[in-house]
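To start, the structure under review is shown below, and the notes come after it.
Throughout, protein chains are lettered first and strands after them, A, B, ... in sequence-line order, and every chain is numbered starting at 1.
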Amino acid sequence: MTPSELSEALSSALAAAVADGTLALPTDAVPASVHVERPRQREHGDWATNVALQLAKKAGTTPRALAEDLAARLAVHPGIQAVEVAGPGFLNITLDAASAGELARTIVETGADYGKGASEAGKKVNLEFVSANPTGPIHIGGVRWAAVGDSLARVLEASGAEVTREYYFNDHGAQIDRFARSLLARARGEQAPEDGYGGQYIAEIADAVVADALAAGEPDPRTLPDAEAQEAFRARGVQRMFGEIKQSLHDFGVDFAVYFHEDSLHESGAVDHAVDRLRQEGHVFDADGAVWLRTTDFGDDKDRVVIKSDGQAAYIAGDIAYYLDKRERGFDDVIIMLGADHHGYIGRMMAVCAAFGDEPNENLQILIGQMVNLVKDGQPVRMSKRAGNVLTIDDLVDAVGVDAARYSLARSSADQNIDLDLDLLASQKNENPVYYVQYAHSRTCAVDRNAADRGVRREDGFDPALLDHPTESALLGRLNEFPRVVAQAAQLREPHRVARYLEALAGEYHTWYQQKDRRVLPYPDESVTDTHRARLWLNDAVRQVLANGLDLLGVTAPERM
RNA sequence: GCGCCUGUAGCUCAGUGGAUAGAGCGUCUGCCUCCGGAGCAGAAGGUCGGGGGUUCGAAUCCCUUCAGGCGCACCA
């Protein structure tokens with residue numbers, strides 16, 4: 001019996017009570033689906049609901065009286081073993097073991113699809129994340145969005161959405177000029193510009209640019225006149241840097257379907273197109289020689305300059321054009337993940353969204369993630385390129401590996417500032433809960449290997465009623481939750497919920513496995529029984545869910561560790 | 001000054017109105033005579049920053065206050 005079946009059973013029990021006059025409630029006050037949840041305490045049964053507490057007042061009765069009535073109606077339902085009224089009026093429901101145990105079969109047979117749903121079905125989602133400027137390697141903040149963003153994409157896909165992962169390649173504007181000047185200065189052995197970029201990677205890229213140019217049969221870019229030289233370093237430097245970023249992300253398990261160049265918006269006329277469109281809608285005005293968008297009409301603090309008085313497009317013009325472009329490419333949901341240092345952008349971008357006639361927070365959704373702080377010896381470490389303590393995506397992967405890095409960054413809420421301890425990173429990487437989850441998975445695989453040796457086979461039968469121990473009903477209940485966890489993670493855009501779920505599941509698996517008197521498999525001199533087979537089904541169901549969950553996080557599920 | 005995020009165990013963090021607030025790490029005590037000890041069982045450790053309010057019920061919602069982070073450009 002699934003939670004939704006239970007929920008329906010509760011609804012019909014309520015409807016029946018109303019129909020025979022026991023419950024004085026207008027028919028439209030009967031909820032179509034009743035919320036059931038896993039109680040914290042096992043003694044409180046497999047599922048619990050507070051529906052009696054919520055409806056008693058409207059019905060002019062007491063919660064306990066209503067609960068008693070529902071309990072009596074529910075108890076005769078097949079698949080339900082017991083219904084108890086507890087505390088102020090909770091209904092605690094215990095399923096019979098066979099009904100609960102059937103889930104193991106369902107999961108094994110559903111395989112990699114168990115956990116998938118349709119809550120986001122039919123939606124075309126554009127998910128933009130990372131989008132770090134190609135003026136340096138991806139640092140720790142960007143890595144966080146890579147881990148969280150990719151997991152979010154996977155969770156949305158598992159919920160039926162069609163997701164396009166997109167990276168906005170910011171190759172237009174002053175910071176790129178600074179980057180190019182920094183490369184040129186470094187290549188010529190000159191002092192880095194005051195507002196330029198330092199760091200070892202600048203020297204490496206500068207050398208590579210020279211080598212690339214010479215290899216292409218071009219003149220040494222260092223010898224060109226300044227303007228041409230800078231352009232040469234810009235073009236090849238950006239290309240080079242972006243290649244490295246792509247490679248690092250790929251090594252991290254994150255690949256984007258679209259790498260969108262900001263330059264192209266300006267070259268293609270997309271900016272003019274977007275501004276024209278806003279002008280037609282009547283949201284644009286001219287003042288002080290500049291072109292403004294009246295974002296205050298849509299809740300922004302102040303109006304925004306779109307075209308500066310020198311005729312250049314302001315930065316937001318690119319974002320406006322980019323948003324419109326995404327919508328014109330047919331995306332229903334445009335999701336952008338940004339660091340907390342950009343949260344001031346939400347107001348104006350939502351205003352832009354509204355100015356186009358779209359629904360803010362629907363067609364455009366901006367997710368803000370808080371910063372990652374580095375900590376060493378309990379003290380915060382300020383990252384600075386000059387001090388040479390920038391932690392890049394490659395540094396992180398070198399230190400702990402992709403799995404541990406992705407897991408630790410994806411397991412906390414994006415609303416949280418997270419602290420990353422550099423000493424811990426370097427030394428005790430086994431502290432990462434990812435190993436706890438992966439270990440549980442490899443343990444299920446070890447059981448499978450041994451089961452084959454001992455002649456325990458799933459195909460010889462499955463009696464779900466034999467999964468009747470409290471540790472087994474705990475495991476089954478947890479397995480049952482997985483699809484809801486995935487759906488909730490997608491709906492709330494919080495993939496970390498999957499990680500926390502896996503940790504709980506792994507814990508319950510370890511507990512179940514480790515009981516001395518209830519081994520999964522027989523001793524070598526013992527004969528195989530139905531109980532061993534039933535436990536193997538459960539073992540394999542856990543294995544499947546651990547594997548499915550780890551995949552949603554982009555983490556491997558090893559068969560051996 | 002205004003805005004967004006955060007404040008939960010010694011540390012890092014879960015917990016979007018339910019019952020006795022949880023996990024990992026750290027500390028302490030047990031557990032390998034056969035399925036993987038990267039594990040399990042147990043103990044200690046909390047005025048959920050403070051104060052009001054709403055509710056049958058608040059870590060969760062509202063108000064207020066304190067503390068920390070991040071923002072408030074014709075920069076990108």
Side-chain angles (χ1 to χ4, degrees), chain A residues 37 39-41 43-44 48-50 53-54 56-57 62-63 86-90 92 133 135 170 172-178 262 287-292 301-302 304-310 312 314-316 318-319 339-347 368-371 373 375 378 380 408 411-421 424 428 430-433 435-436 438-440 442-451 453-454 456 488 492 494 496-497 499-501 503-504 506-507 509-516 519-526 532 535-536 539 560-561:
Chain A
E37 61 184 11
R40 288 180 198 276
Q41 276 80 33
E43 320 74 269
H44 292 155
T49 178
N50 59 1
L53 287 158
Q54 290 174 333
K57 194 177 242 178
T62 67
F90 291 102
N92 292 335
N133 292 345
T135 55
N170 202 308
H172 184 92
Q175 91 281 2
I176 291 292
D177 294 339
R178 281 202 291 275
E262 184 188 2
D288 306 328
V291 178
W292 297 68
D301 325 349
K302 57 186 90 166
R304 305 290 169 176
V305 168
V306 179
I307 306 294
K308 296 186 276 186
S309 52
D310 65 3
Q312 293 286 307
Y315 182 76
I316 195 175
D319 280 349
D341 51 344
H342 290 91
H343 79 256
Y345 231 56
I346 297 178
I368 292 299
Q370 299 300 313
M371 300 303 201
N373 307 308
V375 177
S408 58
R411 79 184 282 268
S412 32
S413 158
D415 287 341
Q416 272 284 354
N417 282 89
I418 52 179
D419 294 338
L420 219 56
D421 190 313
L424 236 51
Q428 300 160 282
N430 273 8
E431 284 192 6
N432 195 313
Y435 298 105
Y436 185 78
Q438 287 184 318
Y439 181 63
S442 49
R443 210 172 213 185
T444 62
C445 294
V447 168
D448 282 342
R449 289 192 293 269
N450 293 322
D453 289 347
R454 307 263 165 96
V456 184
Q488 193 183 38
L492 299 174
E494 291 185 351
H496 76 274
R497 289 168 183 274
R500 300 298 175 150
Y501 167 84
E503 289 167 33
Y509 176 75
H510 285 310
T511 298
W512 174 68
Y513 174 91
Q514 197 99 6
Q515 298 170 101
K516 287 278 178 273
R519 292 165 45 103
V520 180
L521 300 176
Y523 289 110
D525 57 352
E526 207 182 351
H532 297 126
R535 291 178 186 165
L536 182 62
N539 178 80
R560 298 174 197 268
M561 291 174 69

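- At the phosphate of B/C75, OP1 or OP2 sits under 4.0 Å from a side-chain N or O atom of A/Lys308.
- The aromatic ring of A/Tyr523 sits over the base of B/C34, with ring centres less than 5.5 Å apart and planes tilted by under 30°.
- Between A/Arg497 and B/U16 there is a side-chain polar atom (N or O) within less than 4.0 angstrom of OP1 or OP2.
- For the pair A/Tyr435 OH and B/G37 C1', the computed distance is 18 Å after rounding to whole Å.
- Residue contacts for A/Thr511: at a heavy-atom cut-off of 4.0 Å it reaches the sugar-phosphate backbone alone, with no base atom in range.
- Contacts of A/Tyr513 with the nucleic acid, taken as non-hydrogen atoms under 4.0 Å apart, include base atoms.
- Note on A/Ser413: only backbone sugar-phosphate atoms sit closer than 4.0 angstrom, heavy atoms only; bases stay farther off.
- Taking a centre distance below 5.5 Å and an interplanar angle below 30 degrees as the stacking criterion, A/Phe90 stacks against the six-membered base ring of B/A19.
- For the OP1/OP2 pair of B/G36 and a distance below 4.0 Å, the side-chain nitrogens and oxygens of A/Arg449 include no atom meeting the criterion.
- The distance between atom OH of A/Tyr436 and atom P of B/A38, rounded to the nearest whole Å, is 13 Å.
- Relative to the side chain of A/Gln514, the nucleotides B/C70, B/C40, B/A76 differ in distance, and B/C40 lies closest.
- With both ends at atom C1', the span from B/A19 to B/G3 equals 39 Å, rounded to whole Å.
- For B/A19, the base is stacked against the aromatic ring of A/His44, per a cut-off of 5.5 Å between centres and 30° between planes.
- Separating the CG atom of A/Asp419 from the C1' atom of B/G68 is a distance of 11 Å, rounded to the nearest angstrom.
- Residue A/Lys302 places no side-chain N or O under 4.0 Å from the OP1 or OP2 atom of B/C2.
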